Amino acid sequence: MHQSESSNFSSDADAGADAPGAEPDVDAPVSLADIGWNELRAEQFAPDAAAGLSPGRVARVDGRSVLLITESGTTRAEGSTTLVQESETADGLPAAGDWVGFRPRPSHDTDVIEAILPRSSRLVRPRIDRSSFRRAEAVGLQVVAANLDTAFVVHAANNVNPRRLEREAAQVASSGADVVIVLNKADLVEDVTDLVEDARMSVPFIPIHSVSGATGEGVDALAEYARPDRTVAFIGASGVGKSTLTNRLLGQEVMETGEVREDDQRGRHTTTARHLIPIPGGGALIDTPGIRSLGLTGADEGVAAVFDDITELAANCRFNDCSHSGEPGCAVMEAIFQGEMSEDRLGSFRKLTRELEFMQSKTDVRLRHAKRDMLKARTKRGRQMMRARKKFGRSG
Ligand SMILES: Nc1nc2c(ncn2[C@@H]2O[C@H](COP(=O)(O)OP(=O)(O)OP(=O)(O)O)[C@@H](O)[C@H]2O)c(=O)[nH]1
Ligand SMILES: [Mg+2]
Ligand SMILES: [Zn+2]
C-alpha cells in the first residue's frame, strides 16, 4: 500500500498521485549548503549524526519511495517503520523540501529515513486515511511541502480572481513561508499595471510581481527571492505557468509544460508531483501540481496577515469578540462609515473567515463521514457498555 495513495483525498489531480511524470534530472551533484543546509540545521542534526545517520533533502515523494538529495548524489529511501507509525498521529511523513536523517543500506535498493528535522515552514492540507474509518485518529494534516522560505502564489494575469487571490495568499501565509503574488502571462494583457493595483487592494501587505514566463520579462525579480540557501515554491491553479516559471528560474527546460484548454483557460495538470530542484548557482525550487483548492487548515494567521488592516482596526472594537456586523463601538464599521475602508473588503474578510472555519471543522465530506462514523462507533460502544453494566451491575 502506498501511503500517499491512501492518505490523500482532495479532488485535485495530484491527490494521491505523485505519479512518475516528467522526472527532472536532479542527479547532478550539489552541495547541501547550496540548497539550504546551514549551521542551525547541522546543530539540529547533531544527535542524528551521532546515531550514524546522514543528512539529505527530500526532492520528491512517490508513495513510500522518497527521492533524496544527499552529499553524494541522489538516493532512494523509505521511512522507517517507527517513522511511519509516528506519522499516523503527527504529520511525520517526509514531504518535498524536508531535511531528513537517513541510514544508508548498501545491500538494499533503498536507504532508510529515520528522522525528519524540525520544519521552518510547512504547507499542509487535511489528510484522511482511506483504508480505514475505524482509525479516525489517522485524520490529520498532510504536509505537502516543507522548509519554504518564499511561496510564489501564481495567477494568470488574464484570469485573476481577487477572492481566490486573497484566499490562497492567506492559506499559504499560514505555512510560515513569505508569500509573494505572481501575476504571470503579463504578455497577454493590455495594462498589467492596473491589474497589479487591483491585486494590491486585495492583498495590500504582500509583494506583487507581474511577469511573463513566455518572454522572461520580470523573472529577474523572482530570482531575487531564490538566493543561495533559500527555498522557493510555485503554487497555484493548473495552467497558470508554474512549470514555465520554474524552467525560467532554472535557466533550462527541466519541467514539462502543458497547453491550456481553450474553453476554460485551465491547464491539464501537466505536473503530477511536487519536485524540489536545486537551482544552478544556489538555492532550491519546488514546482507543484496545479491545485483546485488547497484545502489548507490552520490559516488563521494567514487571514490576519492578508487582512492586517481589519485585524488592526478590530483591536479598537469595544468588544473583544466583535463580529463587525453592527455591534456598538465597532471600529471596523466606523472605518467603513468614514470611507476609510470598503465594505467589499469586510465582506471578503467575513467570507474567508467563514470558509476557513468551514475547512477547519468539515474539511471535506470524507472527513465529515469519518467523524460521523467515529461518533456512531462511539455511541454504539457506549450503548453496549450501558447494557453490559445493567446486566452485570457496575464493576467500578
Ligand atoms: N502567453 C503566455 N503563456 C504562458 C506563460 N507562462 C506559461 N504559459 C503557457 O501556459 C501553459 C501552461 O503552462 P505550465 O507551465 O505547464 O503551467 P503549470 O502551472 O505548470 O500547470 P500544471 O503543471 O498543470 O499545474 C503552457 O502552454 C505555457 O506555455 C506566459 O507568461 N505567457
Ligand atoms: Mg506544471
Ligand atoms: Zn468590530
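Both backbone and side-chain heavy atoms feed into the values below; hydrogens, waters and symmetry mates do not. First listed ligand is number 1; within each ligand, the first listed atom is number 1. Here the structure is a predicted model, which means the values were calculated and not measured.
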> Taking the Zn ion (ligand 3) as the centre, how many protein N/O/S atoms fall inside a distance shorter than 2.8 Å?
Replying inline: 4

> What orientation do Phe349 and His324 show, parallel under 30°, tilted 30 to 60°, or perpendicular over 60°?
Replying inline: tilted

May I ask you to check if ligand 1 and [X] share an N or O to N or O distance below 3.5 Å?
X      : value
Lys185 : yes
Gly239 : yes
Pro289 : no
Asp287 : no
Lys242 : yes
Ala214 : yes

> What pairs with Ser243 under side-chain contact (heavy atoms from CB on, under 4.5 Å), at least two apart in sequence or on another chain?
Replying inline: Met255, Thr257, Thr271, Asp287

> Considering only heavy atoms of Gly213, which atoms of ligand 1 have at least one such atom less than 4.0 Å away?
Replying inline: 30 (C), 31 (O)

> At a non-hydrogen distance cut-off of under 4.0 Å, which region of Leu188 contacts ligand 1 (side chain, backbone, both, or neither)?
Replying inline: side chain

> When you look for heavy atoms under 4.0 Å from ligand 1, do you find them on the side chain of Thr257, its backbone, both, or neither?
Replying inline: both

> Looking at Ala156 and Val240, what are the two nearest heavy atoms and their distance?
Replying inline: N-CG1, 3.9 Å

>> Listing request: all salt bridge (Lys or Arg N to Asp or Glu O under 4.0 Å) pairs with a residue in residues 324-341, at least two apart in sequence or in separate chains.
In response: none

> Is Asp149 paired with Arg227 through a side-chain N to carboxylate O contact shorter than 4.0 Å?
Replying inline: no

> Closer than 2.8 Å to the Mg ion (ligand 2), how many protein N/O/S atoms do you count?
Replying inline: 2

